[in-house]
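Here is the structure we will look at.
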2 protein chains.
Amino acid sequence: MPTPHQSRADRRRATEARILDSARGLFAAKGFERTTIRAVAAAASVDPALVMQYFGSKRELFTQAVQAFPAPLTTTDTDALVDQLLSSLGPKLGGLPEGTLVMMRSMLTDQAAADHVRAALGRQIDSIGAALPPSEDPELRAALVITTLLGVTIGHQLLSLASLRDAPSDRIAALLRPAIKALAGPPG
Amino acid sequence: MPTPHQSRADRRRATEARILDSARGLFAAKGFERTTIRAVAAAASVDPALVMQYFGSKRELFTQAVQAFPAPLTTTDTDALVDQLLSSLGPKLGGLPEGTLVMMRSMLTDQAAADHVRAALGRQIDSIGAALPPSEDPELRAALVITTLLGVTIGHQLLSLASLRDAPSDRIAALLRPAIKALAGPPG
DNA sequence: CCATTCGTTCAACACTTGTTGACCCACTCA
DNA sequence: TGAGTGGGTCAACAAGTGTTGAACGAATGG
């Protein structure tokens, strides 16, 4: 049912966006391997061949669906840094962009996704490590901060652990804050 | 080259064990989907059909390769509990059984693995929640403790983040301890 | 020493996957 | 109105998957 008052170019952009959305949803839910071009096409009410024509390959579709992992943060104030990190967990429910979930879902079973995540987390770790109060191993502390948040996010968003799903996210943040601060370094 | 002084039954058990080992290694490295029966068979220097005859199906092979997720812990002393949890991260390098890594590798992309992990973590959370000092949300605190350790383990064992790979694991444990205690509850 | 078990292999099936090239037809535009 | 662009579909291929049934051949046991 073609929406009226829409130019051919508009329709094309719309179709392309619809495909990309379906892909993101499926990749986020099932990962790279288990998401099939045919399923994406069906979800977008389109022929599989069209997906190929627009995106070239399944891999290319994946990278377009992912876009970017969160950019590294920079703050010199530890408290502000912690707040910023915690807010990325989701002010309400599922606060991080779907493209990020797509990456996380596939990072344990797809080489390309793993490389991407390793690099992105590495950048975050460096940037946080530099912002932490002086201590013996700022980079290791930063890595532990990041992996802690990673674990909580996985349990919450990807595994849907009941205890986390049912908890208000500001409560989660409140409980997490002292732990993150403890990891970050010497009080003060 | 058949080892002499080995009965037919012995050889059969040896072959079966060799297949299971190859399977565990591949499942742990690449996950359920990307591990093929043919690859397992090749790694065990055996025909693919033999794998089927011994294990029935790829799924069955997987569950046999996994065996059990860590059993829930029970201790009433918080400090001892924390120590026990930290030691599961690996006294030296990679302290947890390969079967556990197999599960973790596939939990984000395989429904059965996800269910298994959810259940196992749920049990751990319950058990830890009951052992925690009285507070408002013992179960939520327990969930955060577990997911924190999960995240660090993933970063360390499955993603091989450089900052974690290069760190002595007792240093990791030392940095983690205060954070876990902060999550566990009120000091005392 | 022969019949038989049984560990093991061979060859094939049925199916799904990513990917491709030919084709159709509604819309644009001159 | 009539040619032509281009969004979209159809049908098929080649490769790889889990899985199966028949067959082989060395060790066994009577």
Side-chain angles (χ1 to χ4, degrees), chain A residues 1-24 26-27 29-66 106 109-113, chain B residues 1-24 26-27 29-66 106 109-113:
Chain A
M1 42 195 78
T3 310
H5 307 306
Q6 215 177 31
S7 76
R8 198 133 78 140
D10 283 344
R11 260 193 76 68
R12 157 155 190 163
R13 270 189 292 270
T15 310
E16 193 167 326
R18 193 155 29 96
I19 293 175
L20 201 58
D21 270 10
S22 306
R24 233 191 307 271
L26 286 172
F27 279 137
K30 315 173 60 130
F32 180 81
E33 286 276 339
R34 296 191 53 118
T35 296
T36 116
I37 295 275
R38 283 168 167 85
V40 171
S45 307
V46 122
D47 190 276
L50 196 62
V51 178
M52 297 304 294
Q53 191 171 354
Y54 286 176
F55 295 91
S57 73
K58 183 185 180 183
R59 187 102 255 157
E60 184 61 27
L61 175 61
F62 182 75
T63 72
Q64 298 246 1
V66 162
S106 296
T109 39
D110 184 81
Q111 185 68 54
Chain B
M1 43 195 74
T3 311
H5 308 306
Q6 213 179 36
S7 77
R8 196 132 79 141
D10 283 343
R11 265 193 70 70
R12 174 188 164 135
R13 271 188 292 270
T15 310
E16 192 167 328
R18 194 155 27 97
I19 294 176
L20 201 58
D21 269 9
S22 307
R24 233 191 307 269
L26 286 173
F27 279 137
K30 316 173 57 133
F32 181 80
E33 287 274 340
R34 295 191 54 118
T35 296
T36 123
I37 295 276
R38 282 169 167 84
V40 170
S45 307
V46 122
D47 191 275
L50 195 63
V51 178
M52 298 303 295
Q53 189 170 6
Y54 285 176
F55 295 92
S57 72
K58 183 184 179 182
R59 186 104 253 158
E60 185 61 26
L61 175 62
F62 182 75
T63 72
Q64 298 246 2
V66 163
S106 296
T109 39
D110 184 82
Q111 184 68 53

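Numbered from 1 within each chain, the chains take letters A, B, ... in sequence-line order.
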State, yes or no, whether a side-chain contact exists between B:Leu26 and B:Arg34 at a heavy-atom distance under 4.5 Å. no
Can you find a heavy atom in the side chain of B:Arg18 that is under 4.5 Å from one in the side chain of B:Ser45? yes
Can B:Arg59 be said to sit on top of B:Phe62's aromatic six-ring, NZ or CZ under 6.0 Å from centre and within 45° of the ring axis? yes
Using atom [atom1] of [X] as one end and atom [atom2] of [N] as the other, report the distance to the nearest whole Å.
X	N	atom1	atom2	answer
A:Met52	D:dT9	CE	P	15 Å
B:Glu60	D:dT20	CD	P	13 Å
A:Phe55	D:dG8	CZ	P	12 Å
A:Asp47	C:dG21	CG	P	16 Å
A:Ile37	D:dA11	CD1	C1'	18 Å
A:Arg34	D:dG18	CZ	C1'	14 Å
A:Asp10	D:dG8	CG	C1'	17 Å
A:Arg12	D:dG6	CZ	C1'	9 Å

For B:Tyr54, report the nucleic acid contact type (base, sugar-phosphate, nothing); a contact means any heavy atom under 4.0 Å. sugar-phosphate
Whether the side chain of A:Lys58 engages the backbone of A:Phe32 through a donor-acceptor N/O pair (distance < 3.5 Å, no angle test) should be reported. yes
With a 4.0 Å cutoff (strictly under), does any side-chain N or O of B:Thr36 reach OP1 or OP2 of D:dG16? no
Can you tell me if the side-chain N/O atoms of B:Thr15 get under 4.0 Å from OP1 or OP2 in C:dT8? yes
Hey, which of these two, B:Arg8 or B:Leu50, hits DNA chain C nearer its 5' end, going by closest nucleotide? B:Arg8
Looking at the base of C:dG18, is there any donor atom on it, or on the side chain of A:Arg38, that sits under 3.5 Å from an acceptor on the other one? yes
